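Encoded as C-alpha cells, the structure appears first; notes follow it.
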Amino acid sequence: MSEPAPAADGAQGRQAALLGVWSFLVTEMLFFGGLFAAYTVYRSLYPGAFAQSAGRLDLALGAGNTLILITSSWTMALAVRAGEDGRRGRCSLLLACTLILGSAFLAVKGLEYGHKVEEGLFPGPRFLPQAEAGSRLFFALYFVMTGLHALHIAAGIAVLAPLALWVRRPGALPRLQNFVEGAGLYWHFVDIVWIFLFPTLYLMRGPA
Amino acid sequence: MKAYSRVYAALAALTCVTAGASFLDMGAWSWPVALAIAGAKAALVAIFFMRLNAARLAGAFVWIGLLCTALLLGGALQDFMLRR
C-alpha cells in the first residue's frame, strides 16, 4: 500500500490494456477451437452426409457475408488509426461504418436462417428424420457455430454503438484510445473466426 | 493507410480465390488448400489490422495460448482419429 498504482494511461497502460484483451481473445480461441474440433470429429464419422449438407447452404450469401465482415475489419482498422491521429469525427464515422456492416452481416445471416427453417433444417419439431444422423449433426453444428458467432457480432455492435458517440466528445478520445483499440482487436478476432467458419461450413462440399 | 487498403484488397481477393477453388475437384487436397487460404487471410488480419507483431508481451501470450490450444485439441483429435 506504500506505492501508488501505475497510471492507466501512457505506454505501460496501453501494454496492459492490450494484454488484457488478447488474454480474453485466447480464451475465445479455445472456445471456438473446441467447436471446430467437434466438427472435425463428426465430419470424419459422416463424410458423405457432411459434404452433401454443406451443399445445401447458400454459398453466395456466405461469401457475401465474408466480404462484408472483411470490409468491416478494414473500417475498424481505419477507425483505430483515426483515433491515434486524434481525428475524433473520422474515428466516430468509421466506427459507425463498422457497426453498420456488422448489422448487414446479421441481416444476411437472419435471411439464411429463415430459409433453413422453411426447408426444415433447423433442429426442432420439423427437423430432418432421425435416419439422417449425419445431416442432423451438420445442421446442429451449423446453427451452434454460426449462432454463437452472430452473438459475438451483436455484442460487438452493442459496444461500438455507444463508443462511436462517445469519441465525438471533445477531449474524450485520448482517454478512450485504448478502449477503441481493444474493441478493434475483438472485432478483428470475430472476423478471423468467420474467415475459418466460411470454408469449414460452406466450402467443403466435396467427398473428402 | 495505403497499406490497409492493400491488405483489404488481398483479403477480398483471397475470399474469391477460396470460393472459386471450392468448385475445383481437388479430392483430398480440398481442405488443406482451404485451410491454407483461410490461414493466410487470418495472418493478414492479425499482422496488419491487429498489429500482433508489434505487441511484445501480448504477442508472446498469444503464441503460447495458440500452442496450448493446439496441444489440447490436437491431442484430443489424434486420440479419436487413431482409435477408429
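Throughout, a chain's letter reflects where its sequence line sits, starting with A, and its residues are numbered from 1. Computed from a predicted model, the values in this text were never measured in an experiment.
- Considering only heavy-atom pairs separated by less than 4.5 Å from chain B, the leading option among A:V193, A:V21, A:L78 is A:L78.
- You'll find the ring centres of A:F139 and A:F122 outside the 6.0 Å limit.
- For A:F36, no part sits under 4.5 Å from any heavy atom of chain B, backbone or side chain.
- Of the two parts of B:L73, only the side chain, counted from C-beta on, holds a non-hydrogen atom closer than 4.5 Å to a non-hydrogen atom of chain A.
- For A:L185, the parts lying near chain B are the backbone and the side chain together; criterion is any non-hydrogen pair under 4.5 Å.
- A:H188 places no side-chain N or O within donor-acceptor distance of the main-chain N or O of B:A46, the cut-off being under 3.5 Å.
- Per-residue heavy-atom pair counts under 4.5 Å with chain B were compared for A:S23, A:P199, A:G20, and the maximum is reached by A:S23.
- Annotation: maximal heavy-atom pairing with chain B below 4.5 Å, among A:L67, A:T200, A:L59, A:V41, occurs at A:V41.
- Neither the backbone nor the side chain of A:T27 comes within less than 4.5 Å of any heavy atom in chain B.
- Using a 4.5 Å cut-off between heavy atoms, B:R51 touches chain A through its side chain atoms alone.
- In this structure, the ring of A:F32 has its center less than 6.0 angstrom from the ring center of A:H152.
- Remark: the backbone N or O of A:L69 is paired with a side-chain donor or acceptor of A:S72 at under 3.5 angstrom.
- For a residue to count as touching a neighbouring chain, one of its non-hydrogen atoms must lie under 4.5 Å from one of that chain's; by this rule B:F48 does not touch chain A.
- No other option in B:V62, B:L66, B:T69 has as many heavy-atom pairs under 4.5 Å with chain A as B:V62.
- Of the two parts of A:T66, only the side chain, counted from C-beta on, holds a non-hydrogen atom closer than 4.5 Å to a non-hydrogen atom of chain B.
- Under the 6.0 Å cut-off for aromatic ring centres, B:F49 and A:W74 do not qualify, their centroids lying 6.0 Å or more apart.
- Side-chain atoms of A:S92 come within 3.5 Å of backbone atoms of A:A164 as a donor-acceptor pair (strictly under, hydrogens ignored).
- The closest donor-acceptor contact from the side chain of A:R14 to the backbone of A:N178 lies at 3.5 Å or more, if one exists at all.
- Proximity to chain B is limited to the side chain of A:I192, based on heavy atoms less than 4.5 angstrom apart.
- Put simply, of A:L18, A:L19, A:V80, the one with the most heavy-atom pairs under 4.5 Å next to chain B is A:L19.
- Taking the ring centroids of A:Y42 and A:F50, they lie at or beyond the 6.0 Å cut-off.
- Ring centers of A:F138 and A:Y46: at least 6.0 Å apart, outside the cut-off.
- In this structure, A:Y202 contributes its side chain and A:A60 its backbone to no donor-acceptor pair below 3.5 Å.
- Chain A forms more heavy-atom pairs under 4.5 Å with one residue of B:A34, B:A42, B:G65 than with any other, namely B:A42.
- For B:L72, the part lying under 4.5 angstrom from a heavy atom of chain A is the side chain only.
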